[in-house]
Amino acid sequence: LSLHSGVHISPGEATMVTEQELQSLAEFESDTTPVLSLYLNVDSTQKPKEEYRLALRSMLRQLADRRPRADVQAVERFLDHEYDGSARGLVFFSCQAQGLWQVLPFAVPVPDRAVLARRPFISPIRDMLDRYGRHMVVLVEREGARLFLFELGQLQEVKGTLGDELKKHKQGGRSAPRLQRRADAVAQQNLLAVVKMTKDFCESTNCGRLILGGTTENVALFRSMLPQSLRDSIVGEITMDTWASEKDVRDRAAAIADAHTAEQDQTLIEQMLTAAMGGAGVTGLDETLIAFQQERIQTLVVADGYEASGVRCTYCDYLGLTPLDECPYCGSPARRSDNVVGTIVSRAIGKGITVKIVSGSAPLHEAGDIGAMLRY
Ligand SMILES: [Zn+2]
């Protein structure tokens, strides 16, 4: 990326998923062998290596008899021999029978999920790109600023922003009022230069989200100098030392992105609950299953980790909760199913319905941990 200000940043080390890759995954469809989409939280700061292997085994167990042997072997081979342990989240798309194999490492944690469906389950990646997408962090002080690019959990300092041009204005004493006024004028000058740099940077990197840091006073002053469009793109402000370590800056930026993510989940849940009250949505597994079979679902919302058992027809697509011997639709034998939620998620993905796995909340839990917004 080259910037107007002449600053260069090298591409990050984590694999960035491209729009083209996502598009080809979105178009992939397999009528014969289902696609395994596997999201694995391998964040070593959250759990040791043995634990994610356990989580993997338990997710695969839930797929029971549908467990795709070749795909599971490919995943295990990767974890045993190729994975270097540097990611916080790993996403696999595998359909060995159709030649599909893709591993995407992320520097942000992903919630564990294994899905077998006719299509790859990519909406969590879209959400991640949206939520942990490009942020610019500006640590500002009177002498200038440090600029960082924060993307998908990775932080990169844009070198040279508190450059010689700005540093040479740095004044020693501030005792005499005249010197103080001079210093204020220089600070004003410096901050204007930072405003321009920020604007150029945001434009050249197509970055729509801004995090400001510094002392409360400097942040407020800098904010007041920003053009309205940039002021509108501020997603968080942090009080921190301009010379903080990169790790500290990354952690604080990540905390803002995490909070923003949780907020977006809560907004989606509220929208769904409001829709349900007005008849444009449903909540609870029973109603959701009915709406799904009537093909009325537009967006399916499921609490992370929610599972439930029920029954499925051995012949048609019937799914239900109440134990039955015969399918109420076609009269074929019905069979107990351990994971009706997994099945509805798979089928929804296969039909191209938007599926949102959200971090659980009390209101969603009360509503049955699952719900949907309807088409009509
Ligand atoms: Zn049936």
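One-based numbering, in listed order, for ligands and for the atoms of each. The shown structure was predicted, so the numbers you read here are calculated from the model rather than taken from an experiment. Scope of the values below: all heavy atoms of this structure, side chains included, with no hydrogens, waters or symmetry mates.
The nearest pair of heavy atoms linking Val235 to Ile211 is CG2-CG1, 3.8 Å.
Screening residues 304-324 for ring pair (Phe, Tyr, Trp, His ring centres under 6.0 Å), with sequence neighbours left out, gives Tyr318-Tyr329.
The aromatic rings of Phe92 and Trp101 are tilted relative to each other, their planes meeting at an angle between 30° and 60°.
For the Zn ion (ligand 1), the set of protein N/O/S atoms nearer than 2.8 Å consists of Cys313 SG, Cys316 SG, Cys327 SG, Cys330 SG, ordered by chain and number.
Between the side chain of Arg335 and the main chain of Arg312, no donor-acceptor pair closer than 3.5 Å is present.
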Pair up each side-chain donor or acceptor in residues 102-124 with any protein partner under 3.5 Å, not counting sequence neighbours, and list the distances.
| from | atom 1 | to | atom 2 | distance (Å) |
| --- | --- | --- | --- | --- |
| Gln102 | NE2 | Glu21 | OE2 | 3.2 |
| Asp112 | OD1 | Asn41 | N | 2.8 |
| Asp112 | OD2 | Lys47 | NZ | 3.2 |
| Arg118 | NE | Asp31 | OD1 | 3.4 |
| Arg118 | NH2 | Glu29 | OE2 | 2.4 |
| Arg118 | NH2 | Asp31 | OD1 | 3.2 |
| Arg119 | NE | Gly350 | O | 2.9 |
| Ser123 | OG | Val355 | O | 2.7 |

What side-chain donor-acceptor pairs closer than 3.5 Å can you find for residues 289-299, not counting sequence neighbours?
| from | atom 1 | to | atom 2 | distance (Å) |
| --- | --- | --- | --- | --- |
| Gln293 | OE1 | Leu319 | N | 2.9 |
| Gln293 | NE2 | Leu289 | O | 3.0 |
| Gln293 | NE2 | Leu319 | O | 2.9 |
| Glu295 | OE2 | Lys351 | NZ | 3.2 |
| Arg296 | NH2 | Tyr376 | O | 3.4 |

